[in-house]
Structure formats: structure tokens, C-alpha cells
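Proteins come first, then strands; the chains are lettered A, B, ... in the order of their sequence lines, and each starts at number 1.
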2 protein chains.
Amino acid sequence: MTRHFAAEDTLFSAEDPVTVIGTLVKGSVKTYKLLPDGRQQVVGFLFPGDFIGSAIFRTNRCFAEALSPVEVCVFPHASLQRLMSEIPALEHQMLKLAHDDLDLAQEWMLLLGRKTAQERVATFLCLLFEKAKKRGHCGAPIDLPMNRSEIADYLGLTIETVSRQLSKLKSAGVISINGSHAIELRKADQLAELAAGGD
Amino acid sequence: MTRHFAAEDTLFSAEDPVTVIGTLVKGSVKTYKLLPDGRQQVVGFLFPGDFIGSAIFRTNRCFAEALSPVEVCVFPHASLQRLMSEIPALEHQMLKLAHDDLDLAQEWMLLLGRKTAQERVATFLCLLFEKAKKRGHCGAPIDLPMNRSEIADYLGLTIETVSRQLSKLKSAGVISINGSHAIELRKADQLAELAAGGD
DNA sequence: CGAGCGATTGAACGCTCTCAAAGTGAGTGG
DNA sequence: CCACTCACTTTGAGAGCGTTCAATCGCTCG
């Protein structure tokens, strides 16, 4: 069963019962956590092919919002539970996904806890270019479905700092920017070096 | 099979083949990631009863170091693989653990990306007191197996900032400190409020 | 009792945030 | 087609939180 969401729609909220589990088919999604006063931390950006939702928890642990018109191939919660208990390979696959997510989250803890603003932005761009490469993009500018505010909330920075760092990378010739939602990689080596941090 | 490690021993390193998977029986462990220049981010503290190591990856994604003399009940990698494929319930349990870890990691991303120094220290103490409570501790001062440097590397701060915030909480009467490795909770409500952030 | 390491405290600096203003681009209506 | 609007982005200047550097304290161990 496929479900559709408009841009800026909320797919699900923390604390609510799990209703959306499945594979993202079209569009992109941000998942995030909130503090009582509204401060936001994006914990992940999802793209077509990515799995969304938890087949383990009864209630969601974070919020999910569509960044663009989204299409999700949804599994009914009950039938997924049954499938998982019947097909060990499926559960194994889920375990693999969970471990990949955990490793990425911990890599991001390193970024949020110990990297400078420049390193964070460089790391973020590296990740995006890498993901784009895996989906067949080659050379051409890639599309940023999220705005500066959402990038900032992913990197633990402010929009101004993100903007400044992007400008810096642009004037250094590492990337080129077209209209704030399209970025092209110019010097991959240099970007990777900045992302890893001075050594 | 049980393996023993002395304090400050490295249980395993990132990139190395997985050799240690099992349950922590005695002592405590920190897991962490490193940047090329030595900056460190602690991604978890493990206590008796906690599962350690990844049954999925062939190589470790982080480092693990003993904070005190440690005893681990280790499963041989091959036999664990076999057990997991034979006993679906075991794999399900691992999946549950992975999801719990993932949620904690994302909660920590929120802490590292968006919380102030005071909120970070308060959240950390809340977590410790909560864990201690689950293991039967009641009221009495709890032991901090890690030093200030390791707390700082968990919270994305410096030792000086951690020390200052602890002193602040102490003089506010929220906690009391005995010799830098024993902390007692005095005002749980107030600590929880500080941890959540102003609202 | 002295050495040495970790923790605490103090003072000044700096990176990022905050506040503010100007620039840009997409969408709308005349 | 152009002027207008509005939201988002960029850029600038100043402030603040946490860091850095430095000195003192306190505990443990020889």
C-alpha cells in the first residue's frame, strides 16, 4: 500500500503509535527530535530507497516531515510483525539496517560533539555527494531538498553559520552554488580533507 | 567463555576484525570514535548486563576501553552467527537492543547539537541515576567510573566546563560530590528540569 | 613528607550565536 | 510584462558561551 504526503506534511510524531513503516519511494524526509522549548535536532535525512519507521517500537521516538511531495510504500504494522517472525532473513536485514543507522548516528555524535563549523558543513556535503553517487549521479550539480534551517538543525549550527561556511567553500572553489538548492562538487579531495579535520 | 581486561585496556579498536562480542559481566567500558588529530567523542558507557560488540559488522566501527577491571562473557563470532540464524528470538532481541541504542544515540545528537553545557551535564547525571536505580541503587551516592575527561568527551565539552557545571549544581544543592568519583542526588525534580531545558 | 596526576578555579580569548540589514528569487496580481 | 510581496538567504557587526591557558588545590601513592 502506498501513501502520499505533501511537502511539509508530518508523516508521524514522537510518542504517537507507529502508523508509517515502509520504504520511501519518492521525495525526501527529515526525521528530528525536539526540546520542550522548540529547539530542534534533525537526526536524519531520508531519500528514495531508504527504510522509514521502526518495526520494533510501538510508538515513534522522533518526528518525520516531508521535505517535498513524498510517496511511501507502507507495510501494515501487524503484517510486518508476522513477516519478520516468519522470515528470519527479513529480520536479519532489519538488524543490518539498524546497525548501519546506529553507526551513522555515532559518526554524527562525533561531528556534533567535536567538529568545527567548517568541518561539519564539509562532512555534510561529502555525505550528500556520496549518497548521490550511489544513486547514479555523476558530476552534475545535486539538489538540496532541505533549506538552510534544516541543514543547521542537522549540524548543530545556525542558518547564518551554515550560509557563511558554504560561501567560504564556494569562494575557495571547492563547490559551486546555483540558487541555494543546487550544489556542484569541484574539488572532492579538498572537501574530504576539510571534512576529516586537520591532521 | 569469559575474558578479562585491566583498567585502561583496549577491548577492541575501530577497523579491526570483531573479536569481542558478548555481555559485560563486571566493570565498565567506554566506546568512542576518533578524529585523525586525536579529538575524541565517547559514544557510550557500558555497565554490567550491557551487550558489547556488533554481531553484524565484520570490523569494529569504534574503540572500546575498560574504565575499570572488566569481565566479559564472550561469544565466538562464528557460533553467534549460527545461533542467530537458528534462533529467531535471539535475532529479535538483538534488533530490539539495536533500536534502543539508536534511539539513545539520537537523543544524544539532540544533546550535542542543541543543549547548553548545564543541560548536558544535568542530562548526563539524570541518565546515570536512572541506570543506577534500575540496578537497585536507592538514595546512596553512585560511583562514577569515568573521569572528567571522559565525561567531557561524552558531552562534547571540555573538562573545565564539566567541572564548573558540576560545581554549580553542587552549590545549588542539587547534588553533592564526594572525592570526584561519587555523586549523590539531592533534588531529582530540579535536575530533571535542568536536563529537559527551559520551557 | 614530597611527588604527581586529576580536579577545581580564575582570567582572557575566540568561535559561533544573536541581532540587524540588505540581497535574491519565486509567486501573485494588476 | 512588470511591480509588488514575502520568504529565504546572504552578509555585517557585536555579544556571549564555552574554550584555552594558567595557577592552585587535593587526593593517592611511594
Rounded to the nearest Å, what distance is computed from the CG atom of residue A:Leu166 to the P atom of nucleotide D:dT11? 10 Å

Charged N-O contact under 4.0 Å between B:Lys33 and A:Asp103: yes

Under 4.0 Å protein heavy-atom contacts per nucleotide of nucleotides 14-22 of chain D, with B for base, S for backbone only and - for none: ----SBBB-

A:Ser54 and B:His99 side chains, donor-acceptor separation under 3.5 Å: yes

Rounded to whole Å, CD1 of B:Ile177 lies from C1' of D:dG26 at a distance of 14 Å

Pairing of A:Arg39 and B:Glu119 as salt bridge, 4.0 angstrom limit: yes

Quick check: A:Phe12 with A:Phe63 (ring centres under 6.0 Å apart)? no

Rounded interatomic separation in angstrom, taking CZ from B:Arg148 and P from C:dC5: 19 Å

Between D:dC8, C:dT9, D:dT11, which nucleotide has the shortest distance from any of its atoms to the side chain of A:Ser163? D:dT11

A:Thr123 versus A:Lys115, side-chain donor and acceptor atoms under 3.5 Å: yes

Rounded to the Å, how far apart are A:Leu67 CG and D:dC8 P? 13 Å

Rounded off to whole Å, could you give me the CE-to-P distance for the B:Met146 and C:dA7 pair? 12 Å

Does any donor atom in the side chain of B:Gln165 or B:Lys170 lie under 3.5 Å from an acceptor atom in the other side chain? no

Value in whole Å for how far the C1' atom of C:dG6 lies from CD of B:Glu8: 12 Å

Distance, rounded to the nearest Å, where B:His181 contributes NE2 and C:dC5 contributes P: 15 Å

Rounded to the nearest Å, what distance is computed from the CG atom of residue B:Asn147 to the P atom of nucleotide D:dT28? 15 Å

